[in-house]
Amino acid sequence: MDYHHRAIEKKWQKFWADNQTFRVSSTSEKPKYYVLDMFPYPSGAGLHVGHPLGYIASDIFARYKRLKGYNVLHPMGYDSFGLPAEQYAIQTGQHPAVTTAANIKRYREQLDNIGFSFDWSREVRTSEPSYYRWTQWIFMQLFSAWYNKLSDCAEPIDRLVAHFKKHGSEGVDAVCDEDVRSFTADEWNAFAPEEQQRELLKYRLAYLRESTVNWCAALGTVLANDEVVNGVSERGGYPVEQKKMMQWSMRITAYAERLLSGLETIDWPEPLVEMQRNWIGKSVGANVRFPVPVLGEDQAIEVFTTRVDTIYGVNALVLAPEHEWVEQLTTEEYRADVANYIVQTKKKSELDRMADARSVSGAFTGSHAVHPLTGDEVPIWIADYVLAGYGTGAVMAVPSGDQRDYLFSTHFGLPIIPISDAQQLDEQADPTKAGRYINSGIINGMTYHEAVETLIAKLSSIGAGEATVTYRMRDAVFGRQRYWGEPVPVYFKNGLPNLIDKGDLPLLLPEVDKYLPTETGEPPLGRATRWKYRDEHAYELSTMPGWAGSSWYWYRYMDAANDAAFVSKEAVDYWRDVDLYIGGSEHATGHLLYSRFWNKFLKDMGYVPEEEPFKKLINQGMIQGRSNFVYRVLDGEGRGTNRFVSYGLKHGYPTIALHVDVNIVSNDVLDLEKFRQFRPDFADAEFILEDGKYICGHEVEKMSKSKYNVVNPDDIIEQYGADTLRMYEMFLGPLEQSKPWNTNGIEGVYKFLRKFWKLFHGADGGFAVSDDQPSKAELKALHKIIKKVEDDIERFSFNTSVSSFMICVNELTDLKCNKRAILQELCAVLHPYAPHITEELWALLGNTAGTLSYATYPTFNPEYLVEDEFAYPISVNGKTRLNLTLPLNLEQADVEKAVLANEDVQRYLDGKPVRKVIYVKGRIVNVVV
RNA sequence: GCCUGGAUGGUGGAACUGGUAGACACGCAGGACUUAAAAUCCUGUUCCCGUUAAGGGAGUGCGGGUUCGAUUCCCGCUCCAGGUACCA
């Protein structure tokens with residue numbers, strides 16, 4: 001019997017499903033291992049061949065860990081709230097739930113075809129009420145919590161209220177809004193309840209406040225910073241403007257330091273860790289206050305600087321044009337200039353401002369501040385290179401140490417004071433910390449570290465400044481003016497938000513007649529008429545952003561059916577955290593940051609045990625499309641003819657390149673018959689061939705329908721089988737590398753599986769194994785692969801394993817090995833990569849069907865690899881190389897004697913004396929003359 | 001600009017802590033089996049010199065260095081990919 005992949009794969013996929021082979025229990029004697037994939041958004045286009053790359057890798061790892069005796073949690077689900085389903089709904093009127101369900105069905109079929117070992121009994125869908133009730137519940141926890149800096153952890157808001165009642169605001173150190181009030185306990189207790197609530201909102205981790213948001217008019221919604229790329233929306237590329245709105249926000253900044261320091265404790269790819277570090281953007285420096293007497297006693301402009309040591313080089317203070325004091329600081333004489341400048345900057349869009357980054361502009365306010373150390377007058381300017389949203393919205397300009405300040409000063413003719421004996425300031429600023437300070441009052445002659453220490457002490461003592469840490473990261477906007485998302489479980493009374501009753505969860509997404517904003521500009525939820533309690537309450541009409549449901553889903557898999565809690569204590573104490581997480585790096589500053597944030601919050605509240613959710617993370621590379629082209633010959637007028645010239649000959653003709661469906665091209669050779677059927681106007685196409693073939697050109701592009709380069713895994717599986725697809729996707733290259741899909745080498749993998757199959761089948765095609773004892777050579781081949789696959793999987797080098805399997809089967813073929821004992825163990829080794837064919841052979845060997853998934857990975861025995869002889873690679877002077885085969889157990893001196901006596905070596909030595917003999921691990925490798 | 005990766009035959013890629021560079025696969029060339037095709041198998045395949053062979057030389061983006069020995073470590077560049085940017 002030949003290798004019939006279709007029958008074999010269908011059979012075992014059905015067997016696994018019928019027997020729930022991969023159903024896993026949350027109680028086990030075995031050690032746990034949690035392998036997680038980033039769950040997909042079920043898009044209407046279905047899976048293409050690039051999507052399963054990471055899933056195949058994680059499946060190999062999960063199956064391997066099962067063989068190694070672990071209790072493996074390997075689940076899958078769908079991130080099923082999202083914009084595309086809603087856009088489709090707007091266009092067609094189809095309910096997003098309907099299209100989403102249809103897409104999920106398609107995804108499931110495609111996933112099943114590949115033979116994954118997911119425990120589908122734990123499937124989650126973020127858009128299901130049974131799931132999102134817990135997303136809403138977590139939101140309620142965040143609303144009911146505040147961040148206590150003293151304990152450095154989130155606490156229930158009741159504890160803050162208790163403190164206010166007893167001590168007032170005295171002794172509270174919280175991460176909160178800037179405008180919190182100071183009050184005594186008596187004052188607090190005298191506040192009206194609404195006043196108290198208004199104050200508490202400034203402390204809550206989920207809070208409401210007017211903030212500048214990225215408003216995308218085309219999408220009718222607010223976007224997070226990471227959803228805006230170069231001033232346009234990441235999805236769709238629509239323009240984005242800044243708009244003030246009342247918005248739900250998440251106080252992620254409370255966790256900035258823990259999000260940063262936690263990076264040290266996890267095993268993630270360095271580029272990803274770096275991206276999160278940059279995103280958090282910690283700067284250590286100082287706040288310094290420059291008194292402004294014109295505004296009155298004790299009034300001072302506060303600036304943030306990372307280079308307090310340059311303070312004696314200050315020649316101006318520069319404020320952001322939006323700074324709240326600009327109006328008061330501007331004198332009559334300069335009022336027109338300043339007003340004019342502010343108008344100009346407002347006109348510039350985000351995009352212009354970025355494109356214009358290098359040009360210098362600004363305006364003088366006419367006022368002066370006082371240098372806190374020298375008492376000198378310092379002019380106050382405004383300029384758009386200073387950002388209102390970072391630091392204090394004001395900087396001290398030090399032209400000698402900062403290039404932007406240098407350009408600003410040269411442009412406006414402000415003095416440039418050198419502050420270090422190492423500075424060369426003729427052409428540009430010198431931001432280095434070398435040399436000793438000059439012109440610098442109390443720090444003259446000091447080095448950088450001494451200076452910083454001295455200055456911080458001095459500024460603190462006179463009340464003019466202190467050391468500070470600033471983060472670039474902003475709080476995350478949490479509301480979306482959209483339909484297809486989790487409703488925020490909040491209603492409003494007298495303009496204040498209240499949580500809905502816990503018993504009313506889930507707050508179901510109501511039906512609406514249209515998925516567009518209302519005529520009055522309210523979000524789509526404003527259209528809902530028969531919404532529970534609609535008549536009693538003014539509901540929050542925005543929904544949660546896409547990242548809400550994905551920020552905790554790995555916990556739901558641990559206990560997916562629980563309707564008493566998002567996860568039970570027992571389940572979470574058993575599974576704890578994700579041991580291996582595989583997914584794309586595009587989620588670096590979105591999903592992966594928010595998930596860490598929610599995880600830390602849930603830990604603070606005592607719901608989960610681990611500080612970090614994903615211990616090890618691997619980024620799989622993107623699979624790009626590989627487009628093929630045909631070259632249509634043009635006639636004298638430049639019009640396309642029906643003649644097509646092969647790639648190698650196209651330079652002899654005027655041509656135009658056309659995309660051709662990659663599915664009718666094999667190894668860049670065009671299938672001429674299929675091409676004639678590809679489009680009606682190609683029916684009578686003529687070809688100019690090279691060597692009797694039409695060779696297509698190729699290019700790497702994004703995989704997309706319009707480029708005819710989409711490859712559906714189902715087609716590959718139909719032709720070659722799932723085992724071939726799995727192994728070929730791994731064979732394509734290192735997992736983490738991005739690479740174009742091409743089918744050029746898939747035959748090699750397919751051939752390997754057929755060869756493996758044939759090895760244990762007789763000439764008549766029947767299964768045939770020998771019960772004889774395996775030979776030494778056969779055991780050597782087997783144990784080599786046992787060791788190799790073990791090493792490869794542990795370091796995620798799946799591509800080299802596939803090569804090693806091929807070597808192994810080639811060796812066994814040469815030995816004509818069909819030993820039962822060899823096949824038995826080989827099945828287990830190969831099983832993670834090619835589960836179907838190995839299950840079949842395993843059953844043919846007489847094992848109970850389906851037991852292979854939980855068999856034992858064979859133990860490597862190094863004795864089988866011990867050699868009697870060793871081919872000594874000998875270099876003379878590190879150059880000429882010779883191979884010398886000698887028995888292995890010779891004494892070192894005997895080896896040396898034998899090597900030197902060898903006539904080839906003698907020839908290279910040419911009578912010269914040996915100066916040195918180099919040994920590596922007791923083996924001679926080099927003779928130096 | 002800054003940060004992080006990367007560069008190896010015609011192609012995808014291997015070489016794990018410095019020790020025979022190019023494993024394995026594709027492609028290509030030649031051959032066997034076959035009426036023929038498919039399938040399968042065998043041989044060759046980094047480049048240059050050498051008619052063949054024996055043999056020799058060069059070679060892992062470029063230029064240096066350390067070392068008996070460097071794809072691997074160090075210094076300086078070039079190019080490519082990803083991220084990020086008036087962040088004080």
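All chains are named by letter (A, B, ...) in the order of the sequence lines, taking the proteins before the strands, and each is independently numbered beginning at 1. Keep in mind the model is a prediction, meaning the values are calculated, not measured.
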Among the nucleotides B/rC16, B/rC87, B/rC24, whichever has the atom closest to the side chain of A/R404 is B/rC87
Looking only at side-chain N and O atoms, does A/N619 come under 4.0 Å of OP1 or OP2 in B/rG82? no
Any side-chain heavy atom of A/F290 within less than 4.5 Å of one from A/V314? yes
Base, sugar-phosphate, or nothing for A/F752, non-hydrogen atoms under 4.0 angstrom? nothing
Indicate, with a heavy-atom threshold strictly under 4.0 Å, whether A/N742 touches base, sugar-phosphate, or nothing. nothing
Identified pairing partner of B/rG12, criterion: Watson-Crick or G-U wobble below 3.5 Å: B/rC24
If you measure from the C1' atom in B/rC74 to the same atom in B/rC2, how many Å do you get, rounded? 23 Å
Is A/R404 positioned over the aromatic face of A/F408, cation under 6.0 angstrom from the ring centre and no more than 45 degrees off axis? no
Can you tell whether the side chains of A/R277 and A/E274 come within less than 4.0 Å, N to carboxylate O? yes
Base, sugar-phosphate alone, or nothing: which one does A/K755 contact when heavy atoms must sit under 4.0 Å apart? sugar-phosphate
Residue A/I807, side-chain atoms from C-beta onward, closest of B/rA88, B/rA23, B/rU4: B/rA23
Taking for A/S803 and for A/T800 the nucleotide of RNA chain B with the nearest heavy atom, the one nearer the 5' end belongs to A/T800
In whole angstrom, give me the gap between the C1' atoms of B/rU71 and B/rU20. 14 Å
Side-chain N or O of A/K751 less than 4.0 angstrom from OP1 or OP2 on B/rC26? yes
What's the gap between B/rG55 and B/rU45 when it is taken at their P atoms, as a whole Å value? 14 Å
Under 3.5 Å donor-acceptor pair, A/D384 side-chain atoms to B/rC86 base atoms: yes
For A/T305 and A/E270, find the nucleotide of RNA chain B closest to each by heavy atoms; which residue's nucleotide sits nearer the 5' end? A/E270
With heavy atoms under 4.0 Å as the rule, sort A/D791 into base, sugar-phosphate or nothing. nothing
Integer angstrom distance from the C1' of B/rU78 to that of B/rG13: 24 Å
Pair assignment for B/rU78, Watson-Crick or G-U wobble, requiring both distances under 3.5 Å: B/rA7
Scan A/R277 against the nucleic acid and name what it touches under 4.0 Å (heavy atoms): base, sugar-phosphate only, or nothing. nothing
Is A/P269 touching bases, backbone alone, or none of the nucleic acid, heavy atoms closer than 4.0 Å? nothing
Answer with base, sugar-phosphate or nothing: what part of the nucleic acid does A/E747 contact at a heavy-atom distance below 4.0 Å? nothing
Could you work out the separation of B/rU4 and B/rC75 based on their P atoms and round it to a whole Å? 13 Å
Report the nucleotide, chosen from B/rA88, B/rA25, B/rA85, that has the shortest atom-to-atom distance to any side-chain atom of A/S283. B/rA88
C1' gap between B/rA21 and B/rA15, integer Å: 7 Å
Nucleotide B/rC42, atom C1' - distance to CG of A/D814 in whole Å: 11 Å
As a test of reading the structure: which of B/rC3, B/rA88, B/rC26 is closest to the side chain of A/F304, going by heavy atoms? B/rA88
